[in-house]
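Only one structure is covered here, and it is reproduced in the block below.
Residue numbers start from 1 in every chain, and the chains themselves are labelled A, B, ... in the order their sequence lines are given, proteins ahead of strands.
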Amino acid sequence: MSYDVRVLRSDFPLLRRVVNGHPLTYLDSGATSLTPRTVLEAMDVYYSRHHSNVHRGVYQTAAEATEAYEGARADVARFIGAASPDEVVFTKNATESFNLLARAWGTAHLKEGDVVVLSEMDHHANLVPWFQLRDSHGITLRFLRVNDEYRLDLSNLDELLDGARLLSVTAMSNVLGTVTPIAQLAERAHAAGALLAVDGAQSVAHLPTNVATLGADFLAFSGHKMLGPTGIGVLWAKSEHWAETPPFLGGGGMISDVTLDGFTPASGPARYEAGTPPIAEAVGLGAAVRYLSSIGMDAVAAHELDLTAYALERLAHSFDERVRIIGPSTTLDRGGVISLDVEGVHPHDVSQVLDQHGVCVRPGHHCAKPLMRRFGLAATARASFGPYSIPAEVDTLVDALRDALEMFT
Amino acid sequence: MSYDVRVLRSDFPLLRRVVNGHPLTYLDSGATSLTPRTVLEAMDVYYSRHHSNVHRGVYQTAAEATEAYEGARADVARFIGAASPDEVVFTKNATESFNLLARAWGTAHLKEGDVVVLSEMDHHANLVPWFQLRDSHGITLRFLRVNDEYRLDLSNLDELLDGARLLSVTAMSNVLGTVTPIAQLAERAHAAGALLAVDGAQSVAHLPTNVATLGADFLAFSGHKMLGPTGIGVLWAKSEHWAETPPFLGGGGMISDVTLDGFTPASGPARYEAGTPPIAEAVGLGAAVRYLSSIGMDAVAAHELDLTAYALERLAHSFDERVRIIGPSTTLDRGGVISLDVEGVHPHDVSQVLDQHGVCVRPGHHCAKPLMRRFGLAATARASFGPYSIPAEVDTLVDALRDALEMFT
Amino acid sequence: MTQMPPLNDLYREIVMDHYRTPRNRGELPTPPAQRADGHNPLCGDEISVYVLINGDVIEDIKLTGHGCSISQASSSMMSAAVKGRSLEQTRELVARFKELMTSETADSSDQALRELGEIAALSGVSKFPVRIKCATLAWNTLTQALDDAPQQG
Amino acid sequence: MTQMPPLNDLYREIVMDHYRTPRNRGELPTPPAQRADGHNPLCGDEISVYVLINGDVIEDIKLTGHGCSISQASSSMMSAAVKGRSLEQTRELVARFKELMTSETADSSDQALRELGEIAALSGVSKFPVRIKCATLAWNTLTQALDDAPQQG
Ligand SMILES: Cc1ncc(COP(=O)(O)O)c(C=O)c1O
Ligand SMILES: Cc1ncc(COP(=O)(O)O)c(C=O)c1O
């Protein structure tokens with residue numbers, strides 16, 4: 001249940017990059033992950049040998065492209081423990097997945113006044129589509145708050161869930177690193193008669209995921225955060241929910257028939273995949289999940305846990321309280337996303353100075369403005385890990401932060 | 001104004017593929033185009049050296065990724081003669097572009113009873129989103145018909161446009177090859193007070209396009225049909241129309257502010273690009289349009305015109321009327337998409353037999369079921385060309401068709 | 001990805017015969033017959049199946065529609081095979097046929113193939129995955145008709 | 001893609017001084033002052049600019065808000081530079097500053113830089129494209145305030 005990270009690093013071409021005279025110290029996997037050679041090769045082979053449009057072709061390469069595309073669906077289904085590949089719908093990113101959920105499932109099942117519960121910890125991807133649905137269809141939104149321990153405040157959960165149709169919440173905060181108690185939320189949501197949608201954009205990339213035991217009804221995530229390419233995301237749902245979800249985007253491939261009077265939608269995942277799908281991207285994502293499975297997600301999680309423990313420890317003890325961690329201070333129910341508030345140095349400047357050391361950390365609100373407001377911050381500087389991250393990079397981060405502090409004192 | 005197609009062919013790795021003992025004869029560019037090395041390399045270099053999330057990063061590779069993504073927008077804007085890169089919005093495919101147009105612009109500007117004019121010649125991508133809008137918002141749809149010469153019947157155009165708000169029509173049929181008179185349609189639509197949206201999925205890939213003179217208000221197209229990657233499309237609109245178009249998908253990147261009470265959308269193309277965009281795909285599309293520009297779209301169009309003339313001639317004279325061309329029989333206002341009806345041989349079987357010769361043609365309704373019905377067909381076998389297609393491939397097609405006819409007689 | 005097998009596997013003599021001379025074309029009055037419609041959205045193939053059930057036997061069957069050689073031949077062979085069979089035997093045959101299609105390593109022992117009779121000539125289709133839907137369309141539509149038919153006493 | 005220039009170009013002595021000791025912090029009563037709010041959606045920087053216009057002169061200016069060193073220094077330097085200037089001179093200065101930012105090959109002749117005074121110390125920002133928005137935020141917000149101000153007789 002562990003792997004040689006030095007060997008693994010050689011799979012990632014970007015780690016050979018030198019920036020500002022320093023080897024790249026990539027600590028922004030929370031924004032997007034690095035891409036291993038095997039994923040790039042899978043896409044290159046696809047384009048060089050098999051590329052064709054899918055589904056409607058009879059000839060050899062069209063059959064191969066279809067096989068590659070549907071094979072990727074099966075790979076992803078296996079990776080998350082889905083009951084069937086048909087439960088996996090490809091979108092362009094996790095954000096589209098939430099829009100599909102809100103607009104297609106949402107408009108079919110929610111009417112004016114119906115309650116959806118979200119959380120203050122959530123990413124805009126799991127907030128804005130619901131605001132849009134509120135504005136167009138008059139649904140009511142309620143919010144779980146975040147407590148001073150950077151956890152979801154569950155004290156009023158039953159109250160919030162009272163009469164609610166859906167709870168939609170992240171499994172791991174992309175700002176705090178907080179891992180939320182999905183099993184418990186599922187149980188209580190279901191007890192209250194609500195369904196549970198989970199934002200897995202962070203969790204699926206870093207923790208083992210098994211939808212058979214997760215308890216969720218819907219799960220959204222993005223390829224580019226889990227070693228896959230840009231341009232592809234996933235919405236998983238239980239078959240019974242897909243069966244009651246109308247189409248979202250309209251166009252070719254999602255129809256059973258079209259006349260000048262109207263259209264009949266197709267069934268299966270095709271129903272939600274209008275137009276030419278992200279074929280090469282699916283192939284890349286398939287390669288990514290196979291790569292992750294070959295390492296083992298348990299091993300990835302264990303590796304990142306160790307690294308997070310080391311980082312929390314070093315960050316807590318190197319700066320005389322001048323660097324504050326915005327998030328849980330131990331690895332309990334926590335992933336490798338570490339937001340920093342550096343005394344007297346704005347996150348933009350932190351990132352700028354760190355860049356001089358080749359260190360990549362992201363400044364900003366991380367698309368979680370309500371959460372930032374909750375903690376009275378406009379922005380943080382966020383370091384986040386991937387399966388390829390190593391303790392030496394934490395050391396480089398600490399040294400670079402020291403430089404930033406000096407420069408701005 | 002011409003190029004050496006033999007040299008050009010060496011840029012396309014898939015043309016080295018051997019299928020069923022024959023070199024690949026790829027005649028399905030209307031479904032998706034082959035991808036030149038330079039596009040694959042641009043994406044590979046992006047992932048291997050610059051990959052990061054865009055827009056919010058300060059560090060070196062994030063700045064580079066943003067530069068690459070926005071640079072691609074500028075490349076595409078230049079390629080179609082847009083007034084500014086801000087007029088170019090990246091989507092996942094032409095289909096999403098039409099959904100964006102129908103749902104965002106459409107719901108903001110069209111109310112119950114408002115008229116949108118479409119055509120019987122159009123692809124499902126430019127039909128289904130409007131049916132959806134009709135079903136949700138009660139707009140009224142009218143249809144231009146197709147005459148026996150495989151052209152839009154313009155005899156009742158003024159009638160159809162009377163009181164219409166929008167005319168949305170293809171610039172080139174993906175079934176018939178017919179090139180529609182966009183300039184004339186623009187003039188008459190505007191005279192009637194309607195805007196004009198153009199489906200450029202086929203035309204932009206094969207004919208020079210200049211939105212400054214096209215007369216259209218909106219133009220949708222797909223990267224994968226113009227030597228670019230899958231997973232990216234474009235909606236171009238005049239700035240004045242974007243200014244009056246609300247957001248479509250909600251999420252990160254498209255907001256200016258988010259609180260627990262709601263959100264304020266961003267301005268510029270970002271407003272319509274929720275979530276992590278197809279970054280590598282934009283980079284690939286940028287490389288594709290630079291490649292096409294280096295050949296010259298005039299040269300591409302001239303090359304394909306010659307080839308189409310040759311194919312029409314050979315197909316018309318080789319089979320004693322047993323192979324019927326469903327589309328204009330001369331190259332006048334016609335592109336290199338040739339649909340065939342082979343006497344006594346179902347398109348599926350045509351394609352199957354042709355595959356045995358390494359020839360790729362697509363059987364089916366080509367996502368244009370109303371058009372198929374218009375001509376009493378369930379399917380055709382469609383051959384379509386790209387800049388890399390050559391007369392010898394037409395000869396192979398003719399030989400293979402002869403084989404199919406023999407086999408089924 | 002493997003190279004495709006030769007076309008003879010697909011277009012066997014007997015398959016082409018059923019395609020060229022389809023059996024049981026036409027309609028039956030409904031009721032008493034039960035009708036079901038099937039179509040393959042990917043290629044536009046369409047079929048209508050009419051079954052006349054008497055007791056637990058398929059007394060008559062007719063077909064209309066259009067499609068490729070494989071879908072036409074498969075429906076013709078299907079109609080010839082089920083006419084006069086009991087409902088139970090028919091459902092067994094449908095199951096056996098689907099097995100034949102869905103797995104290249106399916107049970108193709110002499111015994112199994114013998115039960116399928118001339119339908120076994122369609123076994124080559126399983127090597128052309130995109131054509132499997134063509135071959136199964138008629139069978140799925142038949143199942144639909146049987147499911148829709150009012151229970152008989 | 002070129003390597004980034006050294007940080008000293010960005011964080012000049014005088015820039016850091018304005019960041020550490022911002023000039024003209026605070027609010028002015030509105031009216032008579034005109035207020036405008038600006039923010040940078042990408043990083044969350046926020047600024048409010050209060051200008052008190054007397055005739056065609058900016059008699060007083062105050063700023064509130066938060067942001068990175070560049071946005072804070074730029075707004076402080078801007079406030080110091082425009083206080084007491086005529087509206088016309090101010091708009092010229094804004095235009096000159098934006099030129100300084102938007103083009104690495106901008107007119108940076110001695111003459112142009114001299115007119116900008118200490119603001120010229122921000123010229124290094126143009127080499128860090130992602131930071132240009134930080135530097136221009138205050139200036140755009142000032143323009144907004146001037147545009148919004150009621151015309152004076
Ligand atoms: C004319 C036309 N319009 C729209 C489309 C849809 O393009 P996409 O599938 O890339 O969304 C196509 C291609 O299938 C087309 O040929
Ligand atoms: C928790 C969380 N949810 C959703 C998203 C949205 O993902 P994407 O931008 O790929 O749509 C992100 C990433 O930005 C995220 O971190």
Residue B:Val353 versus chain A: region with a heavy atom under 4.5 Å
neither
Spacing of OG belonging to B:Ser29 relative to CG belonging to A:Asn53, to within rounding of 0.5 Å:
11.5 Å
Can you tell which part of A:Arg16 gets under 4.5 Å to a heavy atom of chain B, answering side chain, backbone, both or neither?
neither
Does any heavy atom of chain B fall under 4.5 Å from the side chain of A:Tyr47, the backbone, both, or neither of them?
both
Indicate the atoms forming the closest heavy-atom contact of A:Gly251 with B:Pro129, along with that distance.
N-CD, 4.5 Å
Quick one: of B:Ser136, B:Ser33, B:Ala62, who has the most non-hydrogen atom pairs under 4.5 Å with chain A?
B:Ser33
Of the non-hydrogen atoms in A:Pro277 and B:Thr230, which two are nearest, and what is the gap between them?
O-CB, 3.9 Å
Heavy-atom contact with chain B under 4.5 Å, split by part of A:Arg49:
both
Interface moiety of B:Leu249 toward chain A, non-hydrogen atoms closer than 4.5 Å:
both
Counting only non-hydrogen atoms closer than 4.5 Å, does B:Leu127 touch chain A with its backbone (N, CA, C, O), its side chain (CB onward), both, or neither?
side chain
Classify the ring geometry of A:Phe248 against B:Phe248: parallel below 30°, tilted from 30° to 60°, perpendicular beyond 60°.
parallel
Carboxylate-amine/guanidinium contact A:Arg17 B:Glu64, below 4.0 Å
yes
Out of the candidates B:His124, B:Lys369, B:Gln132, only one should pair with A:Phe263 under the side-chain contact (heavy atoms from CB on, under 4.5 Å) rule; please name it.
B:Gln132
Partner chain A: residue of B:Ala102, B:Gly358, B:Ser48, B:Ala201 with the largest heavy-atom pair count (under 4.5 Å)
B:Ser48
NZ on B:Lys92 to OG1 on A:Thr91, rounded to 0.5 Å
6.5 Å
Smallest heavy-atom separation, A:Val128 atom then B:Val258 atom, equals CG2-CG2, 4.1 Å
Okay, B:Met43 and chain A: the region with an atom under 4.5 Å from a heavy atom over there is side chain
Is there a side-chain contact between B:Leu260 and A:Arg145, using heavy atoms and a 4.5 Å cut-off?
yes
side-chain hydrogen bond (donor to acceptor under 3.5 Å, both in side chains) test vs B:Tyr59 passes for just one of A:Thr25, A:Asp355, A:Asp28, A:Asn20, namely A:Asp28
Mind listing the closest non-hydrogen atom pair of A:Val58 and B:His348 along with its distance?
CG2-CD2, 3.9 Å
Is it the side chain or the backbone of A:Val361 that comes within 4.5 Å of chain B heavy atoms, both, or neither?
backbone
Applying a strict 4.5 Å limit to non-hydrogen atoms, the region of B:Asp261 in contact with chain A is backbone
